[in-house]
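These notes are about the structure you will find just below.
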2 protein chains.
Amino acid sequence: MRALAMPQDGSGAPRFSHVACGDCPIRERAVCAYCDGDALDALSAIKTYREYPAGRDILAAGEVSPMVGSIVRGVVKLTKSLPDGRAQMVGLLFPGDFVGHPGRAEAAYDATAATEVQLCLFQRQPFETLLRETPQLEKRLLDMTLTELDAAREWLLLLGRKTARERIATFLMALAGRARRAAPAGLPDGAPFCFPLPLTRGEMAEYLGLTIETVSRHMTRLRAEGVLAFSDARSVSVPDLAALAAEAGD
Amino acid sequence: MRALAMPQDGSGAPRFSHVACGDCPIRERAVCAYCDGDALDALSAIKTYREYPAGRDILAAGEVSPMVGSIVRGVVKLTKSLPDGRAQMVGLLFPGDFVGHPGRAEAAYDATAATEVQLCLFQRQPFETLLRETPQLEKRLLDMTLTELDAAREWLLLLGRKTARERIATFLMALAGRARRAAPAGLPDGAPFCFPLPLTRGEMAEYLGLTIETVSRHMTRLRAEGVLAFSDARSVSVPDLAALAAEAGD
DNA sequence: CGGCGAGTTGATGTATGTCAAACAGCGTGG
DNA sequence: CCACGCTGTTTGACATACATCAACTCGCCG
């Protein structure tokens, strides 16, 4: 599916490695964010880590998965397809985001690793039990789901009304915002801003409701106009965030 | 906004009428579905009914609303807009559905009555307190939010990849399904199926990411082809549900 | 009767999709 | 070391579904 410098052992081999929750990089953002003490211990007791190489399917639509979990590292894409093959990405998940719907075993969409991914997995059944007994956990999950819902609706506006150029600018702004938040240092606001693209052109097209050619054309046009800079297709630099924001349509 | 045979008193005047929860038409479907006894009493104590004429704004994006609530009767549309006026409906809510996000006071989108609407409202603060103390309530809200999220993602596929014809067929199928579920009697599966359209052509266009002309044209074409029948623009009859389903693309 | 809003229909434009070719990077294997 | 193939990207020529602009109808209500 994707040629990467990584062990293509064909197994999706689980690599167990128990990290203490206290040292977890997503401790503050994941489902467990509101938990501590006993609740955290209980979660910790049923967690398991697993890694997926880029391109590997994590979960297929219609499949019954025994697991749910949090993204520790990497990017996961959620995709829905029509029987004739047309496909639309319906979500893009980053570290801290939750994969799987508690309460509904059958997956409604495909989940695929867009980059190399590490998940912190919980078996569905004990997790759902814990959910019932742990209000903070349920509260956090509700909060996260509402955030996802808002994001999905923002995307409805994008897919329903924005031009190709606006869609691309919006997407890049979202990535820039994420990169900005991830960068701890207080960089000057106007400085040229650089970040990697976790998606190929094809995946961007799938996310933005466009074709690969349209994405490519608008990317090169944005570069020609100086709104964007990149040499590698997989990373961009934004000379002026405000200029890009102005292209996003809102 | 919409000329209707109804008191345009300009007040959105609250009309209080305490219905016992036991007699409530949405008792089984609303947030309160999993509640009983004390929890239901507590909810009942803070509820209030309010009616909105078709076309009335219930809540404007960015506005801070002191209320959340359930739809008792009628249809509510959720809309997001770009600064230049382009607008996209991001949700269509029916009786039982919940309006407003607990935990975030500021509305992320406009909510407007598409038909005459009756809401069962709760003041945000006491409701959120109750939410914290009542696991069934929180559980139900999580379930409903996950359902909304799935619906939104289904719509992403529609807006991102479906043709105008497929979008319209999908929408009509969804309405037909809802009407079917609402009709208690076991009608024969193949019978011509009739239901009202809660939306104008313009609103359908807003929901489907199209223009009013495109919706109109495809509706009349579907009628010409016998997939659909209607005399009034505000109601349709489907001679063969399977034929319509085949047009929906999935 | 006149005006208004919703819907329909027609003529025309255009952004994006489709098909096709060429290129660049990168690992593999002779 | 270079030729090869694979995948991702870019670029071009062309097709088309949908948007846009505009006119007209119909029902409703004052």
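Side chains are part of it too, since the values below use all heavy atoms of this structure and drop only hydrogens, waters and symmetry mates. All chains are named by letter (A, B, ...) in the order of the sequence lines, taking the proteins before the strands, and each is independently numbered beginning at 1.
- Checked against C:dT16, D:dT9, C:dG7, the side chain of B:A233 finds its nearest nucleotide in C:dG7.
- For A:R223 and A:R161, each mapped to the nucleotide of DNA chain D holding its nearest heavy atom, the one lying further toward the 5' end belongs to A:R223.
- Nearer the 5' end of DNA chain D, as judged by each residue's closest nucleotide, is the contact made by A:F230, out of B:A164 and A:F230.
- Phosphate proximity of C:dT16 to A:R217: absent, as no side-chain N or O sits under 4.0 Å from OP1 or OP2.
- Residue contacts shown for B:T220 are limited to sugar-phosphate atoms, with no base heavy atom under 4.0 Å away.
- Between A:D110 and A:K77, no side-chain nitrogen of the basic residue sits less than 4.0 Å from a carboxylate oxygen of the acidic one, so the salt-bridge criterion is not met.
- The cationic atom of B:R178 (NZ for Lys, CZ for Arg) does not lie both less than 6.0 Å from the six-membered ring centre of B:F195 and within 45° of the ring axis.
- Using a cutoff of 4.0 Å between basic side-chain nitrogens and carboxylate oxygens, B:E247 and B:R167 are not scored as salt-bridged.
- Between the C1' atom of C:dG5 and the CG atom of B:L199 lies a distance of 17 Å, rounded to the nearest Å.
- Note on B:H218: every side-chain N or O is 4.0 Å or more away from OP1 and OP2 of D:dA17.
- Atom CG of B:L208 and atom C1' of D:dA19 are 15 Å apart (whole Å).
- No hydrogens or angles considered: a donor-acceptor pair under 3.5 Å links the side chains of B:Y109 and A:D150.
- Nucleic acid contact for B:L210: sugar-phosphate only, since backbone atoms but no base atoms lie under 4.0 Å from a heavy atom of the residue.
- Both A:R167 and B:V215 sit near DNA chain C, but only B:V215 has its closest nucleotide nearer the 5' end.
- Here D:dG8 is the nucleotide among C:dA6, C:dT8, D:dG8 with the atom lying nearest to any side-chain atom of A:T200.
- One interatomic measurement links the two molecules: CG of A:D84 to P of C:dG17, which rounds to 15 Å at whole-angstrom precision.
- At whole-Å resolution of the value, CD1 in B:I212 and P in C:dA6 are 8 Å apart.
- For the pair A:R221 CZ and D:dT11 P, the interatomic distance rounds to 11 Å; values are reported in whole Å.
- Taking the centre and axis of the six-membered ring of A:F98, the NZ or CZ atom of A:R29 falls outside the cone set by 45° and 6.0 Å.
- Spacing between atom CZ of B:R234 and atom P of C:dA6 amounts to 10 Å, rounded to whole angstrom units.
- For A:E213, the side-chain atoms get nearest to D:dT11 when compared with the rest of D:dT11, C:dA6, D:dT9.
- As rounded to whole Å, 14 Å separates atom P of D:dC18 from atom CE of B:M204.
- OP1 and OP2 of D:dA17 both lie 4.0 Å or more from every side-chain N or O belonging to B:T163.
- Counting to the nearest Å, the C1' atom of D:dA17 and the CD atom of B:E166 are 12 Å from each other.
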